[in-house]
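Each remark here refers to the structure printed beneath this line.
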2 protein chains.
Amino acid sequence: MVSIKDVAKLAGVSVSTVSRVINKRGKTSKETEEKVWRAIEILQYRPNLLARSLRSQKTKLLGLLVPDIDSPFFARLAKYIEEAAYQKGYNLILCNVGEDPKREKDYLEVLVQRQVEGIIFPRVSDESLLVRIPYLSKIPYVILDRTLEKEEAPTVKLDNIAAGMLAATHLLKLGHRKFACITGPQKISVSRERLEGFLTTLIQAGISVENIFVVEGDFKIDGGRKGMERILDHLSPPFALFCMNDMMAFGAIQVARERGWQVPRDISVVGLDNNPLCEVFSPPLTTVAQPFDQIAKAGITLLCKLIEGKKVRKKSITVLPYLVTRQSTAPPREQ
Amino acid sequence: MVSIKDVAKLAGVSVSTVSRVINKRGKTSKETEEKVWRAIEILQYRPNLLARSLRSQKTKLLGLLVPDIDSPFFARLAKYIEEAAYQKGYNLILCNVGEDPKREKDYLEVLVQRQVEGIIFPRVSDESLLVRIPYLSKIPYVILDRTLEKEEAPTVKLDNIAAGMLAATHLLKLGHRKFACITGPQKISVSRERLEGFLTTLIQAGISVENIFVVEGDFKIDGGRKGMERILDHLSPPFALFCMNDMMAFGAIQVARERGWQVPRDISVVGLDNNPLCEVFSPPLTTVAQPFDQIAKAGITLLCKLIEGKKVRKKSITVLPYLVTRQSTAPPREQ
DNA sequence: CAGAATTAAGAAAACGTTTCCAATAAGAGG
DNA sequence: CCTCTTATTGGAAACGTTTTCTTAATTCTG
């Protein structure tokens with residue numbers, strides 16, 4: 001491997017001069033600069049970022065801890081996070097932790113050892129080790145799409161209450177009086193907040209609790225399917241269903257169809273996320289959209305501020321959802 | 001930051017001894033080992049991987065160059081690649097290059113400078129800079145789901161010809177005699193190979209070329225939509241359609257539905273990839289499945305061998321697709 | 001019991017940078 | 001012509017490891 005020494009030798013200058021030229025720090029004469037660049041060109045020299053990082057204590061590395069990169073939600077988020085990080089000159093170490101706490105622990109250790117400057121992670125659970133491991137709490141981090149109970153951790157997320165309200169008002173406006181909801185795991189704050197927004201809006205509109213049937217899902221297709229089965233065992237159409245993400249909505253609609261019900265004629269369905277497939281689904285899915293780009297960008301920006309040690313006023317940022325109306329919702333048919 | 005020196009001091013031994021204990025290299029007495037581990041525990045010492053890598057010339061880092069992490073195909077592949085890398089003790093730097101050649105160049109530079117030990121990337125284009133930049137060709141790499149024209153680059157991919165054949169035989173067996181196909185971009189070898197398998201099988205079965213209508217797509221939903229519009233302008237159902245990935249199949253089916261055609265009654269559709277959403281689509285999509293886990297695992301294994309400098313007999317590995325029959329295909333209706 | 005062989009541990013060099021400090025050369029001012 | 005700045009440059013330490021080479025201490029062998 002060709003090092004800065006080789007460049008210095010070929011250019012006939014000292015190592016420090018080469019460094020100065022490369023980093024454009026300090027004074028250097030035009031001629032030496034030229035000599036140095038020429039040598040670099042000839043030798044195809046590329047600085048070793050390990051050495052640079054070791055010396056300068058800056059790695060320009062971030063850890064991206066994600067539950068499941070294969071889920072459309074996280075894949076989308078990851079894309080925008082990567083984009084924002086790239087813009088700021090950071091690289092991302094991809095850590096797919098799944099449901100495995102051991103793996104999360106492993107990765108956190110590794111990230112620390114690799115001297116990442118910060119960690120960004122969507123939707124950690126409350127049991128997450130991040131907050132537990134003491135030497136970890138020193139490293140800047142930002143949590144996306146999720147609040148941790150205990151402390152005022154830096155967070156960027158959707159206004160989930162507003163999201164629930166958006167779904168509820170849309171369905172109310174269509175004239176629905178009977179509702180169902182498939183939530184995410186209740187231990188995740190996101191689920192609770194969305195439910196809160198959904199329920200309070202309905203109740204304020206005078207819907208009685210007997211007419212609201214809530215089942216717990218898992219944000220996956222299968223949770224939507226199982227949820228819908230339970231709902232249809234207890235509730236007879238027409239009614240309106242709010243699924244807390246699109247995947248579950250897809251699963252739920254499939255079950256409805258299998259049982260002979262039509263969407264939106266018998267059941268209106270609202271999803272959440274605005275997955276690109278909503279458009280091609282049959283029927284195209286009405287959904288509460290997340291501005292993924294905003295979340296990611298705000299997250300990285302916040303993280304960078306924390307890394308630079310700047311004082312941040314608002315450690316907790318929320319972004320607003322918006323409704324995308326398609327064909328899976330309609331007024332309830334006459335009974 | 002607490003370093004190995006602090007540990008040495010607290011344990012009352014030399015730095016080299018601490019290093020030996022940590023790496024379990026060389027002889028150390030039970031007592032010193034205990035002293036060292038105790039000091040490590042007290043100080044919460046974690047080795048600095050930058051320094052270690054710098055010295056040992058091993059970073060245990062891999063670059064993952066991917067066109068679009070938000071596409072279901074790449075997200076799925078990335079997940080399994082990450083899994084395989086993790087098993088082998090490697091970390092991944094995520095590089096989402098999009099369609100931007102400048103970005104690809106940037107990232108390749110950065111990866112080299114970060115001293116990654118290898119690069120793995122799905123579906124590079126032939127114009128990819130990888131092969132061009134001379135100092136890059138030294139760093140081990142493996143290409144997934146794609147062959148580069150020129151040389152015998154190490155590759156792991158689906159047997160695409162078999163994939164095309166699988167789709168064709170399935171449709172033939174159902175009794176179809178009129179066919180359409182929405183390909184991927186023709187400049188990507190994957191598309192050409194799949195088409196080859198599809199066409200030769202049909203022609204060998206005695207289907208005349210007038211009864212095969214091929215349009216070029218882009219592997220995205222919209223390509224499927226546009227492709228289907230062109231097909232329906234030229235071809236009247238019933239016929240059988242092979243889409244070279246599931247996304248395009250979803251788009252195509254939507255257009256068919258908009259135009260009043262039913263799948264599979266009027267048009268049989270076969271996709272490719274076996275996206276989890278195939279199951280919940282309406283109708284559930286028959287598809288040629290890719291064994292993502294095998295591809296990823298074989299890719300990482302191959303890359304590791306190249307890194308270790310082992311001689312590899314087979315630099316080019318193909319894995320076999322299999323058909324998953326669902327409800328989007330059926331015998332053609334009587335006309 | 002002397003010398004050889006073995007074991008455990010320390011000292012120091014090396015990895016490739018950045019950066020502080022000192023040194024040299026050139027120009028300015030008196 | 002001598003001193004004082006100023007502009008460039010080089011030398012060397014430092015970042016935190018690993019690893020080679022010594023050295024000291026112990027055990028074995030005849």
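Order of the sequence lines fixes the chain letters, A, B, ..., with proteins taken first and strands second; residue numbering starts at 1 for each chain.
Axis deviation across the helix from C/dC1-D/dG30 to C/dG30-D/dC1 amounts to 50°, comparing end segments of five pairs, rounded to 10 degrees.
We find that CG of A/Asn48 is positioned 8 Å from C1' of C/dC15, with the value rounded to whole Å. Straight-line distance from the CG atom of A/Leu49 to the C1' atom of C/dT18: 13 Å, rounded to whole Å. The distance between atom CG of B/Leu43 and atom P of D/dG16, rounded to the nearest whole Å, is 14 Å. Atom NZ in B/Lys9 sits roughly 14 Å away from atom P in D/dT17 (whole-Å rounding). Following rounding to the nearest Å, B/Glu31 (CD) and C/dT7 (P) show an atom-to-atom distance of 16 Å. Atom NZ of A/Lys5 and atom P of C/dT17 are 9 Å apart (whole Å). Atom CD1 of A/Ile22 and atom P of C/dG16 are 14 Å apart (whole Å). The interatomic distance linking B/Asn23 (CG) with D/dT20 (P) rounds to 13 Å, in whole Å.
The backbone N or O of A/Arg52 sits less than 3.5 Å from a side-chain atom of A/Ser56, completing a donor-acceptor pair. Although no hydrogens or angles enter the test, the distance criterion places no donor-acceptor pair under 3.5 Å between the side chain of B/Gln113 and the main chain of A/Leu49. Looking only at distances, no side-chain donor or acceptor of B/Ser316 sits under 3.5 Å from a matching main-chain atom of B/Pro154. Not one N or O on the side chain of B/Glu104 forms a donor-acceptor pair closer than 3.5 Å with the backbone of B/Val97. Although no hydrogens or angles enter the test, the distance criterion places no donor-acceptor pair under 3.5 Å between the side chain of A/Thr32 and the main chain of A/Thr28. Although no hydrogens or angles enter the test, the distance criterion places no donor-acceptor pair under 3.5 Å between the side chain of A/Gln115 and the main chain of A/Lys58. With B/Asn23 contributing its side chain and B/Ser19 its backbone, the two residues share a donor-acceptor pair below 3.5 Å. Checking side-chain atoms of A/Asn96 against main-chain N and O of A/Ile69 turns up a donor-acceptor pair under 3.5 Å.
Contact annotation for A/Lys27: base contact, defined as any heavy-atom pair under 4.0 Å involving a base atom. Base engagement by A/Val15 is indicated by at least one non-hydrogen atom pair under 4.0 Å involving a base atom. If you check every strand for non-hydrogen atoms under 4.0 Å, B/Ser19 touches a base.
Under the salt bridge (Lys or Arg N to Asp or Glu O under 4.0 Å) criterion, B/Asp106 pairs with B/Lys102, not counting sequence neighbours.
A salt bridge is defined here as a Lys NZ or Arg NE, NH1 or NH2 lying under 4.0 Å from an Asp or Glu carboxylate O, and B/Glu82 with A/Arg103 meets this definition.
Phosphate contact (OP1/OP2 of D/dG16, side-chain N/O of B/Ser3, threshold under 4.0 Å): absent. Listed pair A/Thr17 / D/dT8 fails the phosphate criterion, with no side-chain N or O lying under 4.0 Å from OP1 or OP2.
Heavy-atom minimum distance, A/Pro122 versus A/Leu65: CD-O, 3.0 Å.
The side chain to side chain donor-acceptor pair (under 3.5 Å) analysis of residues 291-307 of chain A, with sequence neighbours excluded, yields no pairs.
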What N/O pairs connect the protein and nucleotides 25-29 of chain D at under 3.5 Å? Give each pair on its own line.
none

Mind listing the N/O atom pairs, protein and nucleotides 20-28 of chain C, below 3.5 Å?
none

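Under the 30°/60° scheme for interplanar angles, the aromatic rings of B/Tyr107 and A/Tyr86 are found to be tilted.
Listed by residue number, the members of residues 50-59 of chain B with any heavy atom below 4.0 angstrom from DNA chain C are B/Leu54, B/Arg55, B/Gln57.
Residues B/Phe292 and B/Phe73 place their aromatic rings such that the two centres sit under 6.0 Å apart.
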